[in-house]
Amino acid sequence: MRIATWNVNSLRVRLEHVIAWLNEHRPDVLALQETKLPDEQFPADVFAELGYRSVSNGQPAYNGVALLSREPLEDIVTELDTFEDPQRRVLGATVGGVRIYGLYVPNGQSLESEKYVYKLQWLEALRTQLARELDRHERLVVVGDFNIAPEDRDVHDPAAWEGKIHCSPAERAALGRILELGLHDAFREFEQPERAFSWWDYRAAAFRRNLGLRIDLILCSDAMRSLLRSCRIDVEPRRLDRPSDHAPVVADFA
DNA sequence: ATGGTCGATAGTCGA
């Protein structure tokens, strides 16, 4: 089972990139973030032609997540049960006996921002929800744009980013508490190239200089880790014209 | 060079 995640930063703009990528890589499940589309404008028919069912949890202009799947998506959830949130950031479904969550974790903006408080509260509610899901589902995979670089090796310049948004101790601790539930960062289960990132700022030629962060993650439960065969970041779509600022991340399970 | 670029949208906000 191939599971992938991609923050597309507007599905309207990136639709042709997503279509091409689906046809080339044929994941079983693709989680999308920042679709920036209300559900009624989600191009479900386009994906259906490619053999993908889909579910959208969208809103206009901001946020928005979706799941595409070759097999039926069952028991869909669109909320964190313990966190009232008008922002559309969560989509969970069961596919072939695997519980899958696609997430767009709040950015947080800066440590002084109210959005940072919101981010940390949101992550705590996510922890509560994933604990409950693990009680019910041995096979759990949680993917998406976490807006947290787990470790300094996930940051192009750790000194410059020390204590900054995406890298602050509180954010990393919040992610750590989620991992302590019994989840594993699939990417780090394998030997990887150094300076491997999944997001590069549009400014200052950051991609060409590989000045990025690894903030797009695939987490998996113990049972899924035993099935995990590979995990990689596909930087190729970042080279295209009008790219998303994020690259897709792909994990293969037996 | 203390900015830079995108996307959604219609003057700015969010990333």
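Chain A is the first sequence line, chain B the second, and so forth, proteins listed ahead of strands; every chain is numbered from 1. What you are looking at is a predicted structure, and each value in this text was computed from that prediction instead of being measured.
For A:A61, the side-chain atoms get nearest to B:dA8 when compared with the rest of B:dG7, B:dA8, B:dA15. In the set B:dG4, B:dG14, B:dG7, B:dG4 carries the atom at the smallest distance from any side-chain atom of A:A204.
Proximity of A:R203 to the phosphate of B:dA15: no side-chain N or O atom is located under 4.0 Å from OP1 or OP2. Taking 4.0 angstrom as the limit, A:R242 places a side-chain polar atom (N or O) nearer than this to OP1 or OP2 of B:dG7.
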Result block: side-chain N/O donor-acceptor pairs under 3.5 angstrom for residues 35-48 of chain A, not counting sequence neighbours:
| from | atom 1 | to | atom 2 | distance (Å) |
| --- | --- | --- | --- | --- |
| A:T35 | OG1 | A:G64 | O | 3.4 |
| A:K36 | NZ | A:N9 | OD1 | 2.8 |
| A:D39 | OD1 | A:S56 | OG | 2.7 |
| A:D39 | OD1 | A:G58 | N | 2.7 |
| A:Q41 | OE1 | A:R12 | NH2 | 2.4 |

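Spacing of P atoms, B:dG14 relative to B:dA10, comes out at 15 Å, to the nearest Å. The same atom, P, is picked in B:dC13 and in B:dT2; the two are 23 Å apart, to the nearest Å. For the P atom pair drawn from B:dA1 and B:dT12, the interatomic distance equals 31 Å after rounding to whole Å.
Here the side chain of A:R209 pairs a donor or acceptor atom with the backbone of A:A204 at under 3.5 angstrom. Side chain of A:E189 to main chain of A:L228: no donor-acceptor pair is present (N/O by atom type, distance under 3.5 Å, no hydrogens or angles).
A straight line from CZ of A:R238 to P of B:dT5 spans 13 Å, rounded to a whole angstrom. In this structure, A:Q59 places its CD atom 12 Å from P of B:dG14, rounding to the nearest Å. With rounding to whole Å, A:N9 atom CG is found 6 Å from B:dG7 atom C1'. A straight line from CG of A:D201 to P of B:dG4 spans 12 Å, rounded to a whole angstrom. In this structure, A:Q87 atom CD and B:dG14 atom P are separated by 9 Å, rounded to whole Å. Rounded to an integer number of Å, the gap from A:K36 NZ to B:dA15 P is 9 Å. One atom, CD of A:Q33, and another, C1' of B:dG7, lie 16 Å apart when rounded to the nearest Å. Distance, A:N147 CG to B:dG14 P: 14 Å, rounded to whole Å.
Residue A:F207 is classed as having no contact, given no heavy-atom separation below 4.0 Å to the nucleic acid.
Among residues two or more places apart in sequence or in another chain, the ring pair (Phe, Tyr, Trp, His ring centres under 6.0 Å) test is passed with A:H25 by A:W21. Partners of A:I76 according to the side chain to side chain contact (heavy atoms under 4.5 Å, CB included) rule, which considers only residues two or more places apart in sequence or in another chain, are A:V55, A:L73, A:T78, A:L91, A:A93. Applying the ring pair (Phe, Tyr, Trp, His ring centres under 6.0 Å) test to A:F187 and every residue at least two apart in sequence or in another chain returns nothing. A:K115 meets the side chain to side chain donor-acceptor pair (under 3.5 Å) test with A:Q109; sequence neighbours excluded.
The 5' end of DNA chain B is approached more closely, in terms of each residue's nearest nucleotide, by A:T35 than by the other of A:T35 and A:N107. Residue whose closest nucleotide on DNA chain B sits further toward the 5' end, between A:E34 and A:R14: A:R14.
Only at 4.0 angstrom or more do the heavy atoms of residues 157-171 of chain A sit from any atom of DNA chain B, so none qualifies.
A:F207 and A:W200 have perpendicular rings, their planes meeting at more than 60° on a 0 to 90° scale where under 30° would count as parallel.
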